[in-house]
Amino acid sequence: MPEEEGEYIISSPTLPQNSNYNMILSNSFVGHRLHGDTVYMNGLYNGHTTSCHRARVPCPIPYANGTAMSYTLDCKKATYTVQGENFTQVFYAHAVLNRVFVTEVEVKSGVVPMESHEGQPSVDLRTISNQNDLIGGESVSVFAGEILDPETQASPKLTVYSITTNYQKELTAGHYTFISAFGSTKEEATQFYNLALDDKNSGILLSTHVKSWSHVWKTVSITIDNSDFAKTVNSSLYFLLSAFPHFALNIPDLDNYPFKFYGVSPGSLGNGGKHQDYWGHVFWDQDLWMLPGVMLLFPQLVRQSILYRIAMLPGAREKARKAGYMGAMFPWESGLTGVDVCPGAVYANYQQHITACVVYAIRQYVYTTGSWDVLTEDGAWD
């Protein structure tokens, strides 16, 4: 391995004793903490106002249950690899087909058992259906769920669908690809399962994902002499940039699949359950701490977060009205609708510097790009 490639590699012979420190893979639409039983999806919240949190989707991604010798995150390729005695398993949240999570298993010899990581049924979802089907000639498992408690009385009961390649309990020598596609409708999940299946059959499923991240790292291109410090910087950038949608970059020769982006939470898309990591809410950290780290590199990604703030303006205006003010007061913590979902009233009532932080982010975007589009075209002036 070239020395500069090693600056993107984080590897260990064992998993952390505390599973909260396991690696996270995300493409800004789906996020998964590796070796866990949960997937979170962009904009999928359960709970009324101050009980609002990310809704736990049971993890459909299969795992090899053989003896593992190493666990490796490749920040440059945005892949996570479990190296076993007789198998290799690679995971990636697809950067282009952003509703898709993929794992590939290469069995060298013998037999490798596979196991489910679905865990217990989600307390956030009512199961609509959970059944097998055929898509593109492949046997798949289709899960459909509906949140129990919308964020506001006027909010819809959000739905989630996942479609995953079925797997045998034991794999023999060979290469296997398992696709998990997610969406708010069955049609959306089916569309992206078929897109991933086409890329798999064309042999480009992994390469298109890597190509998207290669574009990112060519743009970043930070040279650091100290390799340990380089790993720290590169991994920090990886985790930050994986929280933003690559479709906004308009990368040449790669398709774009936009979706409504619901901002960046401090705990990333791999976290956010009830009582965990700000519950998946968007916080002032996004505007004052996270966006400046991306601003000079990818202002297009920053714009996506600003568009989220603009979409939440009705809730901010309503908060200002209730407080007796004109204009907008952004909520201390927000989720789907823009109402304040902070579980602590003292913070929601008195931590008001967040509005200045949102304005600061917009001002920095205008200064950086020289463009007034978020004001004149996207509605920040409305």
Side-chain angles (χ1 to χ4, degrees), residues 25-32 37-46 54-63 90-105 114 116-119 121-122 124-147 156-168 175-209 211-212 245-248 254-262 269 336:
L25 292 179
S26 167
N27 58 16
S28 79
F29 190 87
V30 290
H32 173 53
D37 63 1
T38 298
V39 170
Y40 291 119
M41 196 171 86
N42 168 72
L44 186 69
Y45 293 96
N46 178 55
R54 290 201 198 279
R56 175 183 170 265
V57 180
C59 174
I61 304 158
Y63 277 73
V90 180
F91 301 82
Y92 49 102
H94 208 285
V96 179
L97 303 177
N98 43 40
R99 280 75 151 180
V100 171
F101 199 105
V102 182
T103 185
E104 301 186 25
V105 182
M114 298 295 291
S116 166
H117 270 234
E118 288 185 358
S122 173
D124 298 315
L125 300 174
R126 178 183 70 85
T127 299
I128 299 172
S129 63
N130 196 358
Q131 58 192 22
N132 291 326
D133 202 348
L134 280 176
I135 294 182
E138 288 200 344
S139 175
V140 298
S141 175
V142 182
F143 169 82
E146 179 185 67
I147 65 166
K157 278 199 171 183
L158 304 173
T159 54
V160 56
Y161 289 78
S162 68
I163 300 175
T164 298
T165 313
N166 280 328
Y167 59 93
Q168 298 176 337
H175 187 93
Y176 305 84
T177 300
F178 303 100
I179 299 165
S180 295
F182 300 84
S184 57
T185 65
K186 185 176 181 180
E187 291 74 19
E188 182 180 30
T190 302
Q191 175 194 0
F192 279 86
Y193 190 92
N194 281 323
L195 288 168
L197 188 59
D198 288 344
D199 279 6
K200 170 200 163 188
N201 292 336
S202 299
I204 61 171
L205 187 58
L206 176 58
S207 63
T208 53
H209 165 75
K211 185 175 181 179
S212 184
H246 282 206
F247 72 75
L254 289 179
D255 293 323
N256 278 345
Y257 299 99
F259 57 87
K260 188 173 182 179
F261 180 56
Y262 284 93
L269 192 52
L336 180 73

- Query: Could you go step by step and tell me if Leu206 and Val102 meet the side-chain contact (heavy atoms from CB on, under 4.5 Å) rule?
  - Reply: CA-CA 9 Å; Leu206 176 58; Val102 182; over 6 Å; no
- Message: Checking Thr177 against Thr165 for the side-chain contact (heavy atoms from CB on, under 4.5 Å) test, could you report, in this order, the C-alpha distance in whole Å, the side-chain angles of both residues, the deciding distance, and whether it holds?
- Response: CA-CA 8 Å; Thr177 300; Thr165 313; over 6 Å; no
- Check the pair Leu158, Leu336 against side-chain contact (heavy atoms from CB on, under 4.5 Å), reporting the backbone distance first and the verdict last. CA-CA 10 Å; Leu158 304 173; Leu336 180 73; 3.8 Å; yes
- Task: Let me see the working for Val39 and Cys59 under side-chain contact (heavy atoms from CB on, under 4.5 Å), right down to the final yes or no.
- Result: CA-CA 5 Å; Val39 170; Cys59 174; 4.2 Å; yes
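When all heavy atoms of Ser26 and Leu269 are compared, the pair lying nearest together is OG-CB, 3.7 Å. Pairing each heavy atom of Phe182 with each of Glu188, the nearest pair is O-CG, 4.4 Å. For the pair Leu254 and Lys211, the tightest heavy-atom approach, listed with the atom from each and the gap, is CD2-CD, 3.9 Å. Contact between Ile147 and Ala55 at its shortest, heavy atoms only, is CG2-CB, 4.2 Å. The shortest heavy-atom contact between Ser180 and Ile61 is OG-CG1, 3.9 Å. Shortest non-hydrogen contact noted between Leu125 and Val57 is CD1-CA, 4.2 Å.
Centroid-to-centroid, the aromatic rings of Tyr45 and Tyr262 stay 6.0 Å apart or farther. Annotation: Tyr63 is in aromatic contact with Phe91 [ring centroid separation under 6.0 Å]. Side-chain rings of Phe101 and His32 approach one another, their centers coming within less than 6.0 Å.
For the atom pair CD of Glu118 and OG1 of Thr38, the computed distance is 11.0 Å after rounding to the nearest 0.5 Å. Annotation: the span from Gln191 atom CD to Ile163 atom CD1 amounts to 11.0 Å, rounded to 0.5 Å. Note that the CG atom of Asn98 and the OH atom of Tyr257 stand 9.0 Å from one another [nearest 0.5 Å]. Considering CG of Asp124 and CG of Asn46, their distance stands at 4.5 Å, rounded to 0.5 Å. In this structure, CD1 in Ile179 is found 9.5 Å from OG1 in Thr164, a value given to the nearest 0.5 Å. For the atom pair CZ (Phe29) and CZ (Arg99), the distance works out to 5.0 Å, reported to the nearest 0.5 Å.
Below 30°, between 30° and 60°, or above 60°: for Phe247 and Phe259 the angle between ring planes is above 60°, a perpendicular geometry.
In this structure the side chain of Lys186 never reaches within 4.5 angstrom of the side chain of Thr159, judged on heavy atoms. Between Thr208 and Asp255 there is no side-chain heavy-atom pair separated by less than 4.5 Å.
The backbone N or O of His209 sits nowhere less than 3.5 Å from a side-chain atom of Ser212 that would complete a donor-acceptor pair. Although no hydrogens or angles enter the test, the distance criterion places no donor-acceptor pair under 3.5 Å between the side chain of Ser184 and the main chain of Val160. When atom types are taken as modelled, the side chain of Asn194 and the backbone of Leu197 share no donor-acceptor pair closer than 3.5 angstrom. Listed for the Ser207 side chain is a donor-acceptor partner under 3.5 Å among the backbone atoms of Ile204.
Defined by atom type and a distance below 3.5 Å, a donor-acceptor pair is present between the side-chain atoms of Glu104 and Tyr92. His246 and Ser28 share no donor-acceptor pair across their side chains, judged by distance under 3.5 Å alone.
More than 12 heavy atoms of other shown residues, nucleotides or ligands fall within 6.0 angstrom of atom NZ in Lys157.
Applying the side chain to side chain donor-acceptor pair (under 3.5 Å) rule to Lys200 yields the partners Glu138; only residues at least two apart in sequence or on another chain are considered. In this structure, the salt bridge (Lys or Arg N to Asp or Glu O under 4.0 Å) partners of Asp37, at least two apart in sequence or on a different chain, are Arg56.
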For residues 139-146, tabulate all N or O donor-acceptor pairs below 3.5 Å that involve a side-chain atom, not counting sequence neighbours.
residue: Ser139; atom: OG; partner: Asn166; partner atom: ND2; Å: 2.7
residue: Glu146; atom: OE1; partner: Arg126; partner atom: NE; Å: 3.3
residue: Glu146; atom: OE1; partner: Arg126; partner atom: NH2; Å: 3.2

